[in-house]
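Chain naming here is simple, since letters A, B, ... match the order of the sequence lines and numbering starts at 1 in each.
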Amino acid sequence: MTAALAIFLVLAAIAVFGAINLIMQRHPIHSALSLVVVMVALAGLYLLLGAEFVAAVQIIVYGGAIMVLFIFVIMLLNAGEEERTNFSTLATFAGIPLALAVAGLIGAAIVRPSAHLATAASDTLPSSTKTLSMLLFSEFVYPFELTSFLILIAILGAIVLAQREH
Amino acid sequence: VKEFLTQYAFLIVPIIKVALLVFIVLTVDAYLTWLERKVIAHIQARWGPHRVGPHGLMQPLADGLKFIFKEDPMPAGVDKFGFFLAPFLTLMLALTSLAVIPFGPDIHLFGYTTNFGIADVNISLLVLFAITALGVYGVALAGWASNSKYSLLGGLRSSAQMISYELALTLSVVGVLLIAGDFSLKHIVEYQASPNRGLLTWNLFGFGVGDHLGFTQTIGFVCFFIAAIAETNRVPFDLPEAESELVAGFHTEYASMKFAMFFIGEYTSMISVSCLATILFFGGWLSPFPESWTFTHYIPSLILIPFGAWVIFDGIRYETIWGRIVLPGVGTALAVIGVALAVFPPVNDFVQGPFWFLSKVFIFLFVYIWMRGTLPRFRYDQLMAFGWKFLLPVSIFNVVLTSAVIFWRMR
């Protein structure tokens, strides 16, 4: 077992544990913190793939900005512990079969030696910050700018909604 | 043994460096509290700590002992996990942020080359911002988990403040990044070097040489420093712990070692922010003088010898016997170090980088304390208005201006 594989397994275990913990925790803040753990573990996985810029941005944007906002809102609303309902009818009849089906599909795709799944070669990916930004501002400039407009519209929407109360 | 050492050098050297850095940083933190109390005392025409040891120099040790032996109460109704996690998170992130800071040029020792700092990452600036971004959790969590209205308000204020000023902090650095074209702090410092212009090529002034495009980042620096003070929750932006309205803000319910961890965390982030300001705008470990002025290499000796002599002179007249023994001893040691530096040029050359770096960092730390002694606190709405309506637009303006100048020069 190589060091990279060992690190991958540890980070993957942390990410999966965080994701399960996110659902199992009753308090919204604990759930949000679990999500932070998932984000940081994912950043570690990106780092393992040699995408250091994406890893740092993952922590800054998702781990830092977005999740802090989540926690801020939860704290501001002072949300208490959620009550646990036993399985609703929708969950028993639609949720569990669907979850099992998705898990089966993913499992089959991993287990079957398939030509559809190519191994990611980390040296061919645009890993360095410079190449990544070159691509972002040349080949993918329209999607990139469109995304920023989308975010801008979302911000404006939030302001409009907040202003309506006055 | 030698084979073993060379084979595992990649593992042994970082461990030694980490241990050394943690030890030094914690000691500096302790004496920073002493310096802060002394400086503020003198600003307010008082003496400050003066009982424990000569000039109160043993005060940090006494404080440390007190922190260890104090009772560590757990208030009713706290969220135990969060209550424990918050101080650890704060201290851990603050200490981690120092790992990517280069304190000097590369070290060549016994045929082994290593960087002066723990990790030499090519995205070190982004790593620092990532750590700063996570730093909010410590404060927010502490405020929420304490189950107290003062703590909660302090935590809320602090999260809002840190999110707001993080934007300005990040944007104010973009100008430097545009000039250097690199995220690596080491390269940013090396970019500011010039053999014969000294401090003029620092990003603060930005008179670039040759193909090194420079443009003054004074606006960027002012924005950076203001935002950095807000990020570290220091006066005049210390609203999260405004004692007159919130008791002690987010760490109201903390006592003993857990409180000490918040305290050490705050001082450590002060140090790392000062290091960052030094690296980005003040040329890091570079000397402010042109390289041809070799006589400036004796400045460390020129400072240490008179300072040592003054400590001896002050020591022999000290009130207590203990002080009359210790202070002259310390003064002699300082003077001897100064003489040794002047006598051994290789050692002196090695010391130059860290000497300038630490001097600049010390100036920033002093400014931090100075401001705490002089400035009143902002009101909360003023703080928010200042961050969003003034600091953010100005730093965006700096980005646009710098890009325009670089574009114009590259044509």
Side-chain angles (χ1 to χ4, degrees), chain A residues 3 18 21 24-44 46-47 50-81 127-134 137 151 155 159, chain B residues 11 77 79-83 85-86 89 93 96 100 119 121-147 149 151-164 166-167 169-170 177-178 181-184 187 231 250 388:
Chain A
N21 199 39
M24 301 303 284
Q25 286 295 335
R26 278 180 165 200
H27 204 287
I29 291 242
H30 290 163
S31 297
L33 286 175
S34 310
L35 196 51
V36 177
V37 171
V38 177
M39 300 295 187
V40 174
L42 282 183
Y46 293 151
L47 209 56
E52 70 263 353
F53 180 74
V54 183
V57 167
Q58 165 85 4
I59 293 188
I60 295 172
V61 174
Y62 286 94
I66 292 179
M67 287 318 295
V68 167
L69 215 61
F70 268 54
I71 288 191
F72 185 72
V73 169
I74 297 172
M75 275 167 65
L76 202 66
L77 297 177
N78 206 8
E81 288 197 8
S127 60
S128 94
T129 314
K130 199 161 194 166
T131 38
L132 197 70
S133 25
M134 284 294 188
F137 283 100
I151 295 171
I155 295 171
I159 292 173
Chain B
L11 206 63
D79 180 81
K80 273 193 186 138
F81 180 70
F83 193 73
L85 182 65
L89 205 63
L93 291 171
T96 316
V100 289
V121 201
N122 59 353
I123 47 157
S124 32
L125 189 65
L126 282 180
V127 171
L128 263 177
F129 281 137
I131 293 167
T132 326
L134 291 182
V136 190
Y137 289 115
V139 179
L141 201 58
W144 172 77
S146 296
N147 188 31
K149 56 176 175 288
S151 299
L152 185 67
L153 282 173
L156 278 175
R157 275 186 178 188
S158 151
S159 339
Q161 174 182 331
M162 282 165 117
I163 297 169
S164 310
E166 216 170 78
L167 290 170
L169 186 77
T170 318
L177 290 177
L178 284 170
D182 206 324
F183 279 121
S184 161
H187 292 158
E231 277 290 307
F250 62 90
W388 287 103

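Closest non-hydrogen pair, B:Ala130 versus A:Ala56, comes out as CB-O, 4.3 Å.
Looking at B:Ile163, only its side chain comes within 4.5 Å of chain A, counting heavy atoms on both sides. Contact of B:Asn122 with chain A is made through the side chain alone, with heavy-atom distances under 4.5 Å. Interface remark: B:Ala160 contributes backbone and side-chain atoms alike to the contact with chain A (heavy atom separation under 4.5 Å). Heavy atoms closer than 4.5 Å to chain A are found nowhere in B:Leu167, neither backbone nor side chain. For a residue to count as touching a neighbouring chain, one of its non-hydrogen atoms must lie under 4.5 Å from one of that chain's; by this rule A:Val36 touches chain B with the side chain only.
Note that CD1 of B:Ile131 is 10.0 Å distant from CD1 of A:Ile60, once rounded to the nearest 0.5 Å. Atom CZ of B:Phe81 sits about 8.0 Å away from atom CD of A:Gln25, to the nearest 0.5 Å.
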Requested in this report: Mind running side-chain contact (heavy atoms from CB on, under 4.5 Å) on B:Leu126 and A:Ile59 for me, showing each step along the way?
Outcome: CA-CA 10 Å; B:Leu126 282 180; A:Ile59 293 188; over 6 Å; no
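No other option in A:Ala55, A:Gly63, A:Ala65 has as many heavy-atom pairs under 4.5 Å with chain B as A:Gly63. Here B:Ile123 is the residue among B:Ile123, B:Val136, B:Val121 with the most heavy-atom pairs under 4.5 Å with chain A.
Between the side chain of B:Tyr137 and the main chain of A:Leu33, no donor-acceptor pair closer than 3.5 Å is present.
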